[in-house]
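All chains are named by letter (A, B, ...) in the order of the sequence lines, taking the proteins before the strands, and each is independently numbered beginning at 1.
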Amino acid sequence: MNAKNQKQQSGKPKTAIQPTREENYAEWYQQVVKSAEMAETSAVRGCMVIRPWGYAVWENIQRGLDDMFKATGHQNAYFPLFIPLSYLEKEAEHVEGFAKECAVVTHHRLESDGEGGLKPAGELDEPLVVRPTSETIIGATFAKWIESWRDLPLLINQWANVVRWEMRTRLFLRTAEFLWQEGHTAHATKEEAVEETLRMLEVYREFATNWLAIPVVTGEKTKGERFPGAENTYCIEGMMQDRKALQAGTSHFLGQNFSKAQEITFADQDTNIQHAWTTSWGVSTRLIGGLIMTHGDDDCMIMPPRVAPSHIVILPVLHKEETRDAVLAYCEQLAEDLRAQTYDGRPVRVEIDKRDLRGGEKSWQWIKRGIPLRAEVGPRDMENDAVFVGRRDRGHKEKETVQRQAFIDGIGAQLGEMQDAMLAKATAHRDENMIMIDTKEAFYAYFTPEREGTDKQPAPIHGGFAMTHFSGDVELEEQIKKDLAVTVRCIPTEGQGLPGQDEPGTCPFTGKPSAGRVVWAKSY
RNA sequence: CGGGGUGUAGCUCAGCUUGGUAGAGCGCUUCGUUCGGGACGAAGAGGUCGCAGGUUCAAAUCCUGUCACCCCGACCA
């Protein structure tokens with residue numbers, strides 16, 4: 001069904017994109033990615049082109065996180081894209097976990113196939129794996145760098161692309177190639193390594209909450225969901241608007257598994273040779289998918305100001321030739337004054353859209369991109385020394401005239417308010433859809449879609465985060481996954497104020513004792 | 001990798017059942033009228049119908065294979 005048909009179909013309000021979230025959430029997501037001009041599919045299967053408006057978001061994410069990594073003592077470095085196959089083979093669980101999704105380079109040149117085409121030639125002695133993650137190649141380097149306890153801790157981060165040959169891909173959420181950062185650290189003691197793992201988990205929580213306005217639950221993964229080769233995996237889990245969970249970042253305590261596999265050893269203060277304790281942690285362009293699914297609405301994207309590529313667009317109303325130059329000059333001055341203001345410790349990011357397009361069309365394009373503020377400026381505003389302002393997290397007709405100077409002076413505060421409002425809204429949605437469940441029947445009912453009307457279609461959006469006691473049986477978790485496609489998202493870490501989290505109780509599925517509640521949900 | 005669906009103009013799609021040599025809307029270009037809100041009129045450009053075979057006098061249409069994308073599973077950040 002095309003947009004036109006849908007528009008004519010009924011009296012419902014016209015939305016900037018179709019379908020609405022309620023009608024078809026998965027399709028809505030794809031329309032946002034496309035219509036907000038963030039990314040598109042490419043000629044290469046499973047790989048995306050990140051467009052300037054989407055890439056600018058990634059640059060802001062990088063900047064914010066990188067500052068936090070530096071502030072916690074980490075340094076950036078860069079390691080090879082290619083990993084010798086033998087490296088990957090060293091850690092048994094690790095290989096098993098990644099083997100199925102590795103791209104492998106077997107040749108190093110091309111030659112003519114005699115029919116006008118090219119064929120690979122020069123077979124490599126040892127195949128190279130395109131990194132799916134860099135524990136092994138960085139571990140091998142660490143083994144060379146570390147000799148003494150004085151070399152520890154070693155705190156390294158890499159910004160890079162990785163490749164995981166996934167069966168099914170979705171822009172930003174799961175692509176064959178994606179951009180991410182991976183932190184890798186080595187420590188003298190287990191305690192220090194665990195502390196590092198939790199420190200970076202907290203950095204991720206802080207970033208997701210205060211930069212992306214995505215409220216997250218932090219916690220530990222169950223054995224079945226753990227990173228291949230890790231002792232413990234911790235994660236941040238956000239709730240999307242369809243109430244499914246999105247794993248938005250992970251932090252792994254790797255114990256001595258990788259240091260033993262790769263001989264990362266050091267001489268301690270008693271001259272004994274010891275294996276180091278390592279960690280790794282990462283977030284990826286998937287965060288942008290989380291941003292879309294947390295904040296977007298039926299009119300497309302809404303950017304939290306802190307990571308928005310631009311904060312405000314000035315839309316000059318230029319159709320009268322005699323006022324054109326004056327309006328433009330007024331807009332230029334306004335832009336200059338706004339840029340002199342700061343938000344989040346940096347100059348306000350301002351655009352002027354002078355393109356010769358119809359006002360409505362232009363305005364809708366910026367609405368779809370999710371820019372926080374739109375200022376329409378025409379002769380009338382100029383006469384009143386005012387601007388006509390719309391805020392993206394409010395209705396598109398809810399615009400108001402503001403005195404120019406008051407608007408300029410208040411822009412930083414207004415962006416801050418919008419950032420806070422977005423977090424508050426997302427948090428309320430999360431809290432509304434978080435429930436404590438104490439019986440197996442109630443649990444199964446909660447995750448079984450309700451049928452509505454006569455068409456027998458499952459309710460498209462249902463469920464949420466269910467907190468139950470849990471005995472920890474791997475088989476039970478498997479069974480529930482099979483029955484309902486629901487998994488334990490995490491065993492929440494303490495002190496998040498989650499209801500009943502730390503109270504002991506009884507597992508509703510097995511009747512066995514349980515130390516505390518875990519979070520169950522369907523997930524991406 | 002299993003089940004389902006779709007590939008036709010830049011985009012969204014019709015045409016396929018019943019084979020006869022390419023259509024619409026949007027977008028784009030030009031001109032005019034408009035313009036505080038996703039305009040209207042006129043003219044114009046644009047496609048070897050995903051790809052490869054086969055059947056046929058003739059294939060977008062029928063058959064086989066193949067590739068890509070989407071949805072549901074399995075896998076996963």
Salt-bridge test for [X] and [Y]: reply yes if a basic N is under 4.0 Å from a carboxylate O, no otherwise.
{"X": "A:Asp242", "Y": "A:Lys522", "result": "no"}
{"X": "A:Glu196", "Y": "A:Arg199", "result": "yes"}
{"X": "A:Arg489", "Y": "A:Glu220", "result": "no"}
{"X": "A:Glu237", "Y": "A:Lys221", "result": "yes"}

Just how far, in rounded Å, is [atom2] of [N] from [atom1] of [X]?
{"X": "A:Phe388", "N": "B:G36", "atom1": "CZ", "atom2": "C1'", "result": "8 Å"}
{"X": "A:Glu361", "N": "B:G36", "atom1": "CD", "atom2": "P", "result": "14 Å"}
{"X": "A:Trp165", "N": "B:C1", "atom1": "CH2", "atom2": "P", "result": "13 Å"}
{"X": "A:Leu315", "N": "B:G38", "atom1": "CG", "atom2": "P", "result": "14 Å"}
{"X": "A:Ile367", "N": "B:G36", "atom1": "CD1", "atom2": "P", "result": "15 Å"}
{"X": "A:Asp356", "N": "B:U29", "atom1": "CG", "atom2": "C1'", "result": "14 Å"}
{"X": "A:Arg374", "N": "B:G36", "atom1": "CZ", "atom2": "P", "result": "16 Å"}
{"X": "A:Glu40", "N": "B:C11", "atom1": "CD", "atom2": "P", "result": "10 Å"}

Using the [atom1] atom in both, what is the distance from [N] to [M], to the nearest Å?
{"N": "B:A9", "M": "B:G50", "atom1": "C1'", "answer": "15 Å"}
{"N": "B:U8", "M": "B:G47", "atom1": "C1'", "answer": "8 Å"}
{"N": "B:G7", "M": "B:A52", "atom1": "C1'", "answer": "15 Å"}
{"N": "B:A22", "M": "B:U29", "atom1": "C1'", "answer": "22 Å"}
{"N": "B:G27", "M": "B:A74", "atom1": "C1'", "answer": "40 Å"}
{"N": "B:U48", "M": "B:U12", "atom1": "C1'", "answer": "23 Å"}
{"N": "B:G65", "M": "B:G2", "atom1": "P", "answer": "14 Å"}
{"N": "B:G38", "M": "B:G73", "atom1": "P", "answer": "41 Å"}

**Asked** Looking across every strand, which nucleic acid part, if any, lies under 4.0 Å from A:Lys221 by heavy atom: base, sugar-phosphate, or nothing?
**Response** nothing
**Asked** How would you label the contact of A:Gly289 with the nucleic acid (heavy atoms, under 4.0 Å): base, sugar-phosphate, or nothing?
**Response** nothing
With a 3.5 Å limit on both atom pairs, tell me what [N] is paired to, counting Watson-Crick and G-U wobble, or say none.
{"N": "B:A74", "result": "none"}
{"N": "B:G46", "result": "none"}
{"N": "B:G32", "result": "B:C40"}
{"N": "B:C11", "result": "B:G25"}
{"N": "B:C69", "result": "B:G5"}
{"N": "B:U61", "result": "none"}

**Request:** Can you check each nucleotide of nucleotides 42-47 of chain B against protein heavy atoms at under 4.0 Å and return B for base, S for sugar-phosphate only, - for none, in 5' to 3' order?
**Result:** ------
**Fill in**
Nucleotide by nucleotide, nucleotides 70-77 of chain B touches protein heavy atoms under 4.0 Å in the pattern (B base, S sugar-phosphate only, - none) SSBBBBBB
**Asked** Quick one: does NZ or CZ of A:Arg369 land under 6.0 Å from the six-membered ring centre of A:Trp366, within 45 degrees of the ring axis?
**Response** yes
**Item:** Residues forming a ring-ring contact (aromatic ring centres under 6.0 Å, His included) with A:Phe227, sequence neighbours excluded
**Value:** A:His94, A:Phe98, A:His252
**Request:** Check whether any side-chain nitrogen or oxygen of A:Arg380 sits under 4.0 Å from OP1 or OP2 of B:G36, and answer yes or no.
**Result:** no
**Request:** In sequence, state the C-alpha distance, the side-chain angles, and the governing distance for A:Trp281 and A:His184, and then conclude on ring pair (Phe, Tyr, Trp, His ring centres under 6.0 Å).
**Result:** CA-CA 7 Å; A:Trp281 28 275; A:His184 295 270; 8.0 Å; no
**Item:** Residues, nucleotides or ligands: over 12 heavy atoms within 6.0 Å of A:Trp364 CH2
**Value:** yes
**Message:** Are there over 12 heavy-atom neighbours, none belonging to A:Glu96, within less than 6.0 Å of that residue's CD?
**Reply:** no
**Request:** Please work out which of the three classes, parallel, tilted or perpendicular, describes the rings of A:Trp211 and A:Phe207, given edges at 30° and 60°.
**Result:** parallel
**Message:** Main chain of A:Gly229, side chain of A:Asn257: is a donor-acceptor contact present, judged purely on distance under 3.5 Å?
**Reply:** yes
